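Whatever order the structure lists ligands and atoms in, that order sets their numbers, starting from 1. In this text the structure is predicted, and so the values were computed from the model without any measurement.
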Amino acid sequence: MDMSYPAETESFRAEVRTVLAQELPPGWAGIGAIAGRGDAERFAARWRRALYRRGLLGITWPPEYGGRGLSPLHQVVLMEELARTGAPFGEHTDLFGIKMLGSTLLRWGTPEQRRRFLPRILSGEDRWCQGFSEPGAGSDLAALTTRARLDGTDWIIDGQKVWTSVAHRANWIFLLARTDPRARGHPGISFLLCPLDQPGVEIRPIRALTGDSDFNEVFFTGARTPADLVVGAPGEGWPVAMTLLGHERGEEAATNPILFRAELDRLLALAAERGRDHDPLIRQRLAWCYARVEVMRYLGYRILTQVQRPTEPAGTELGAAASVAKLYWSEYHVAATELALDIQGLDGLVPEGRGPLRAVRTDDPGAPNSSGSWLGAFLNARAGTIYAGTSEVQRNILAETVLGLPKEKRAHG
Ligand SMILES: Cc1cc2nc3c(=O)[nH]c(=O)nc-3n(C[C@H](O)[C@H](O)[C@H](O)COP(=O)(O)OP(=O)(O)OC[C@H]3O[C@@H](n4cnc5c(N)ncnc54)[C@H](O)[C@@H]3O)c2cc1C
């Protein structure tokens, strides 16, 4: 496995390091080191503007839409450098706007849709959320029942979405809706773009285990969106949705080993601080964590090798390697954060200090070894085995695509 990066990405790395040195405040120790939640949020907003100003958002997009036309490996290098310094990758809605929707519009959007939306995603004027899951359609997404029908120049949308992360911070939603009521399964589903600020849309927060309300229910009651805001052909939104779900994995492969290694170092320090690093049972669990993070590094290399030498067209799934990686980090994280709570004992039940800004993956880089940080990470780790495809769904994918086991019967599609 040759993991050296080509020269052009290394010169880009030097450029990124210069920007980080110029833009990060003196004494920077990572976003987690900012004690107050409000201060950390405000820093993240300022930081996003700096990334935009320095041309470091959407770098793989064509210049005509505000990007720089760089390769996926350049994007990986950028994320590596951000992870290494503990700087945020963007703001809450950027995962959905830049990584998911932007990349999908480049593959499926009309020239008008690209011209209209891509620059506004980068500038932060349009902030997006993802309306796929419904109360009766999660893993079995094709069972969705939200409907849309054409009425003159508009789609009229009725139905409900759930677990819609950051909808309260967004002004647009991309959603899947059934536009052909006679079809079942994948056919007849359309991929629509819809403004949230209108009377037909209601957003209700859901309170999570952590006490935060990062996700929401979104109700559509006669909501309207223009007829031309369908991505792909009407009734043929399924492949568009699959492209969108495939746009995450290369960067995670690069950043996970950095983020999880930093978190493991904190865990080791916690065991030492609490005098638990001589306890043989704790040591055994720490050693298990160490081995897992190392394996994660090599799984990351495998995916990065695919990013460097793509065997599939851009935007398609990285397939089994991505499922293995997702399963691996999410289940590791449940065990590692449980260990952190065990090491703290009763103190772990009295959270001090803020928890993570986001519900995904590790706590914010640079976070102190506080009970609040570990409790937040412990609770969020549960969600890691659910979002972006549950552990059971990943195992089904591996059973079918790697082991060649017979496909299970599906209710839809
Ligand atoms: C933190 C978080 C953020 C999220 N953000 C968003 C978002 O922004 N937008 C959005 O659209 N959705 C979002 N989701 C929803 C997420 O995509 C769904 O929770 C996920 O797809 C699982 O669907 P479900 O919750 O309906 O569970 P279900 O699909 O009902 O699954 C329930 C249980 O049954 C198991 N199961 C289901 N099918 C099978 C099968 N075929 N074989 C074996 N076991 C099976 C599952 O693994 C799970 O254990 C988010 C979820 C979380 C936790």
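- Inclusion of Trp163 in the set of residues having an N or O under 3.5 Å from an N or O of ligand 1 is warranted.
- The nearest protein heavy atom to atom 35 (C) of ligand 1 is not closer than 4.0 Å.
- For Phe43 and Trp28, the ring centers are positioned less than 6.0 Å apart.
- In this comparison of Gln130, Met100, Lys161, Gln394, the heavy atom closest to atom 9 (N) of ligand 1 sits on Gln130.
- When Gly389, Ser139, Ala208 are ranked by how near their heavy atoms come to atom 37 (C) of ligand 1, first place goes to Ser139.
- Side-chain atoms of Glu331 and Ser391 include a donor-acceptor pair closer than 3.5 Å.
- On a distance-only criterion, Thr164 and ligand 1 share no N/O pair closer than 3.5 Å.
- Distance check on atom 29 (O) of ligand 1: some protein heavy atom falls below the 4.0 Å cut-off.
- For Glu134, no nitrogen or oxygen atom sits less than 3.5 Å from a nitrogen or oxygen atom of ligand 1, counting backbone and side chain alike.
- Protein heavy atom in closest approach to atom 12 (N) of ligand 1: Ser133 OG, 2.8 Å.
- In summary, the side chains of Gln394 and Tyr328 do not present any donor paired with an acceptor at a separation below 3.5 Å, with no hydrogens or angles considered.
- Nearest protein heavy-atom neighbour of atom 46 (C) of ligand 1: Thr390 OG1, 3.6 Å.
- For atom 17 (O) of ligand 1, the nearest protein heavy atom lies closer than 4.0 Å.
- The single protein non-hydrogen atom nearest to atom 8 (O) of ligand 1 is Ser165 N, 3.0 Å, given as residue, atom name and distance.
- Those atoms of ligand 1 with a heavy atom of Glu392 less than 4.0 angstrom away are 43 (C), 44 (N), 46 (C), 47 (O), 49 (O).
- Cation-pi geometry between Arg224 and Phe220 is not met: the NZ or CZ atom fails to fall both under 6.0 Å from the ring centre and inside 45° of the normal.
- With a 6.0 Å cutoff to the six-membered ring centre and a 45° limit on the axis angle, Arg115 does not count as a cation-pi contact of Tyr65.
- From the protein, the heavy atom lying nearest to atom 21 (O) of ligand 1 is Gly138 C, 3.7 Å.
- No donor-acceptor contact under 3.5 angstrom links the side chains of His186 and Glu236, judged on distance only.
- For Trp163 and Tyr387, the gap between ring centers reaches or exceeds 6.0 Å.
- Close contacts of ligand 1 with Tyr387, meaning ligand atoms under 4.0 Å from a residue heavy atom, involve 1 (C), 2 (C), 51 (C), 52 (C).
- In this structure, a donor-acceptor pair under 3.5 Å is present between the side chains of Asp363 and Ser373.
- Neither the backbone nor the side chain of Ala359 comes within contact range of ligand 1; no heavy atom lies under 4.0 Å.
- Each of the following atoms of ligand 1 lies closer than 4.0 Å to a heavy atom of Phe96: 8 (O).
- In this structure, Arg120 forms no cation-pi arrangement with Trp172, as its terminal cationic atom is not both closer than 6.0 Å to the ring centre and no more than 45° off the ring axis.
- Ranking protein heavy atoms by distance to atom 41 (N) of ligand 1, first place goes to Glu408 OE2, 2.6 Å.
- Residue-level proximity to ligand 1 for Val166 is absent, since no heavy atom of it falls below 4.0 angstrom.
- Counting protein heavy atoms under 4.0 angstrom from atom 50 (C) of ligand 1 gives one or more.
- Taking every heavy atom of both residues into account, Ala170 and Leu196 meet most closely at O-CD1, 3.6 Å.
- A pairwise comparison of heavy atoms in Arg37 and Leu357 identifies NH2-O, 3.6 Å as the closest pair.
- Protein heavy atom nearest atom 19 (O) of ligand 1, with residue, atom name and distance: Ile386 CG2, 3.4 Å.
- For atom 40 (C) of ligand 1, the nearest protein heavy atom (residue, atom name, distance) is Asn396 ND2, 3.5 Å.
- Under the 3.5 Å distance criterion, with hydrogens and angles disregarded, a donor-acceptor pair is assigned to the side chains of Glu217 and Gln160.
- Listed by atom number, the atoms of ligand 1 under 4.0 Å from Phe132 heavy atoms are 11 (O).
- Residue Ala383 approaches ligand 1 through these ligand atoms, each under 4.0 Å from one of its heavy atoms: 1 (C), 53 (C).
- Side chain to side chain, Thr146 and Glu134 meet the donor-acceptor criterion of an N or O pair below 3.5 Å.
- Under 3.5 Å, the side chains of Thr337 and Trp374 contain no donor-acceptor pair of N or O atoms.
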